[in-house]
Q: 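Sharing a structure below in structure tokens format, with a few things to ask.
Proteins get letters first, then strands, A, B, ... in listed order; numbering begins at 1 in each. Just so it is clear, the model here is predicted, and its values are computed rather than measured.
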Number of protein chains: 2
Amino acid sequence: MQTGMPKTPSKLPSRTRRRVTIADVANDLGVTKSTVSRALNGYTDIAEGTRLRISRAAERLGYRPLSHAQAIRTGRVRSLGLVLQVDNEDSARPFLADFIAGVTQAASAENWTVTIATAETERGVQETLSRLVEEHKADGFILPRTRSRDKRVEALRAQNIPFVMFGRTEDPTGCSWYDIKGEDAMRAATARLASQGHKRIAHVPGGSEYTYSKLRIDGYRDGLAAAGLSIAPALITAPAITHDAGEAATRSLLMMAEPPTAITFAVDRAALGAYRVAQDLGLRIGSDFSVIAYDGIPEGAYANPGLTTFAVNSRQAGDRLATLLIKQIRGTAPEELRELAPATLVERGSDGPPRLTPAELARCLKDIQKT
Amino acid sequence: MQTGMPKTPSKLPSRTRRRVTIADVANDLGVTKSTVSRALNGYTDIAEGTRLRISRAAERLGYRPLSHAQAIRTGRVRSLGLVLQVDNEDSARPFLADFIAGVTQAASAENWTVTIATAETERGVQETLSRLVEEHKADGFILPRTRSRDKRVEALRAQNIPFVMFGRTEDPTGCSWYDIKGEDAMRAATARLASQGHKRIAHVPGGSEYTYSKLRIDGYRDGLAAAGLSIAPALITAPAITHDAGEAATRSLLMMAEPPTAITFAVDRAALGAYRVAQDLGLRIGSDFSVIAYDGIPEGAYANPGLTTFAVNSRQAGDRLATLLIKQIRGTAPEELRELAPATLVERGSDGPPRLTPAELARCLKDIQKT
DNA sequence: CCTCTTGCCGAAACCGGTTTCGGAAACTTT
DNA sequence: AAAGTTTCCGAAACCGGTTTCGGCAAGAGG
């Protein structure tokens, strides 16, 4: 028996033809690897002529450094990490493709890649993130859906690993973020409804664990105040981010002695729940009561009447987040990497001047109940 | 001036605390790196006792091999590549989150990761793929949306790089795939409609460049034949995969002298276009004419009446694809890695026995046109 | 003309692993 | 007891890059 046989594993991929390595480039020009490496990486102690010869030779030979070979010395894998939480409920996330497109596009532009992973639970996300960190599969992370108190943030901050948040958080020390000014959107929504003549405007907030929810409530309150309307705590319902929850919230609002003639929703999906209520009760959205929401999901366009909403540009968000993260990994201080962008109003048919006063609406609803 | 200064770059991340390397584990036990490596990688020339001591020490010290450090010797980065084409039209892909969840879950289970990238055009995909291949960012690739003649397949096959397709292709040599039996679904759809009493059943196919389109047409034809119905070429429209195209296709069918009383759509989204036609003409879907489609997008549930459709399990698809790909990378022959799965019928309200005969429907439509 | 810089590059170490090779010790076999 | 096998592990090379260190040659300054 031959002794040179491997004792077990080893099943190296049968490379069709060997890669072009840095040594090949060096040999081709009669210089050393180190010279090639420095020339290609912008060191200043290389003569301009040499640099040119080297980069041309590299080009000609089709040399591509292996990022994992570089990583072993530099500690950088040139990859961004993205861990998504995919719950069963809202796994159908329409923005996702756009968001990912934005992230990968910005990464590609710098010749970086994106390592993606998913988990179902919050804990799962946490574990997956740790695994990626431990194996150093990415140089930094993009954290979507930031919570007010976010364990991911705490973990990464403690280990001094670069990250950017999509959304803001309670304690911003050492954090970078990109976020949409949801508070401005809700303020504008309320103002718009007020100027249409609505006197009682309600708000259905999003999940209370997320920062955005609080911000949008603030915006709603500010809008009321600016319009000189009083702030009735009863007009803010329990959080609702699903169809069903939105439906329930709408019903509870219309059941009030003095129901609102307009409802702002922190989230489109919840707003679509209101359509079911309207259909059920025979009310017309946009006249009997108005709805303005936030997100800009495609279903909103197909609803009848179309949902007036503040749309966020997910692709741009992904793009900016990746860009900010790369900058941070390259050394920019996190505090300098913070961006806010506005949501854009998409005017459709779900809002308009109120046909009825709150009292009239209440009476009308009572009539409907009887039949 | 100190000479030890770097001439330019070098900005190594200030590691909080040094990683545990294989050398640390070796020193801890007084053995060599090579022993640790072989023990941890299942070589047979390591005493069982030693293996145990080593793996326990590794565990205790929290040792995690860096995959990129391994990759430099083994040529494997333990990562799956996924390049998505995100066109503007259908960037909102509801399955995507599920699909990605499936892929990443299966990858994680084997301690692999997923490298994701996107491009807008077919050429862009091609280029992105090449880049990932050249830099060896992944050991193999998952190709969604396979075309009958697919350049990605040709390129990867030529370079002998592992890949699996979501969908089938014209020339299957050296190919692995996972696919849903769309042909069976369409056959079943046609059979179902025939058994409900429909005599004229149309089909709106998907994009002709994709294999699935041809297969579904085949299924539709088989279904007609099995039901003893004649196959009229005029009942197969131009391809339609969007809302608008589906609407146009539906209109053209209803405009016929002898219109179909049932339409099968290769794609849900196109089927939703039929709803607009129905609303426009005051027809009732499910009685005036029936619709059965394929895909199982969430919007189908919200349509009125709900869209009867054959749903595909995207999550499972992603899961299986990743699993097959990993097997292939580990050495299984591609030809042995082929799987087909059925779509599952979701019965909702868009189909049912025809209220009218084709002739009556035609007359009815003519009446509507006049007014 | 001699020393001091400076510019530029080669030699060699290094990064964290894997794999080859060979040899000492233990175990069989004759 | 000698010779042949096995078992198990250490030494060292290797993978493809990056970075340090030092030295030669050319130019600057005295």
Q: Between A/Glu154 and A/Asp150, is a side chain to side chain contact (heavy atoms under 4.5 Å, CB included) present by the stated rule, with each step listed?
A: CA-CA 7 Å; A/Glu154 293 167 14; A/Asp150 202 301; over 6 Å; no
Q: Expressed as a whole number of angstroms, how long is the span from B/Asn27:CG to C/dG17:P?
A: 13 Å
Q: Roughly how many Å is it from CG in A/Asp24 to C1' in D/dC15, rounded to a whole number?
A: 13 Å
Q: Any Lys/Arg nitrogen of A/Glu134 or B/Arg19 sitting under 4.0 Å from an Asp/Glu carboxylate oxygen of the other?
A: no
Q: Pick out the pairs of N or O atoms, protein on one side and nucleotides 11-14 of chain D on the other, that lie under 3.5 Å.
A:
from: D/dA11; atom 1: N6; to: B/Ser34; atom 2: OG; distance (Å): 3.2

Q: Contact between B/Lys137 and B/Ser79 at the side-chain level, heavy atoms closer than 4.5 Å - yes or no?
A: no
Q: Within the 4.0 Å heavy-atom criterion, would you say A/Ser37 contacts the bases, only the backbone, or no part of the nucleic acid?
A: base
Q: Would A/Glu120 and B/Arg315 pass as an ion pair if we require N to O under 4.0 Å?
A: yes
Q: Relative to the ring of A/Phe99, is the ring of A/Phe166 parallel (under 30°), tilted (30 to 60°) or perpendicular (over 60°)?
A: parallel
Q: Are B/Arg147 and B/Glu170 close enough for a salt bridge, meaning some N to O gap below 4.0 Å?
A: no
Q: Measure from CG on A/Asp45 to C1' on D/dA25 and round the result to the nearest Å.
A: 16 Å
Q: Rounding to a whole Å, what distance do you find between B/Asn41:CG and D/dC9:C1'?
A: 16 Å
Q: Can you tell me how far C1' of D/dT7 sits from OH of B/Tyr43, to the nearest Å?
A: 17 Å
Q: Please tell me if the side chains of B/Ile100 and A/Ile100 come closer than 4.5 Å, counting only heavy atoms from C-beta onward.
A: yes
Q: Any Lys/Arg nitrogen of A/Arg60 or A/Asp28 sitting under 4.0 Å from an Asp/Glu carboxylate oxygen of the other?
A: yes
Q: Report for the helix from C/dC1-D/dG30 to C/dT30-D/dA1: angle between first-end and last-end helix axes, five pairs each, rounded to 10 degrees.
A: 40°
Q: Check the distance between C/dC8's P and A/Leu29's CG and give it to me in whole angstrom.
A: 17 Å
Q: Using the closest heavy atom to pick a nucleotide of DNA chain D for each, name whichever of B/Ile46 or A/Ala23 lands nearer the 5' end.
A: B/Ile46
Q: In whole angstrom, what separates B/Leu40's CG from C/dT18's C1'?
A: 12 Å
Q: Applying salt bridge (charged side-chain N to carboxylate O under 4.0 Å, His left out) to A/Arg152 and A/Glu122, what does each step give before you reach the verdict?
A: CA-CA 9 Å; A/Arg152 301 169 297 177; A/Glu122 198 184 338; over 6 Å; no
Q: Measuring only between side-chain heavy atoms, which start at C-beta, is B/Glu135 closer than 4.5 Å to B/Arg131?
A: yes
Q: Do NZ/NE/NH1/NH2 and the carboxylate oxygens of B/Glu48 and B/Arg53 come within less than 4.0 Å?
A: no
Q: Pull out every residue in residues 53-71 of chain B that has a heavy atom closer than 4.0 Å to any atom of DNA chain C, ordered by number, or say none.
A: B/Tyr63, B/Arg64, B/Pro65, B/Leu66, B/Ala69, B/Gln70
Q: Measure from the side chain of B/Ala47, starting at C-beta and using heavy atoms only, and say which of D/dT19, D/dC9, C/dG17 lies closest.
A: D/dC9
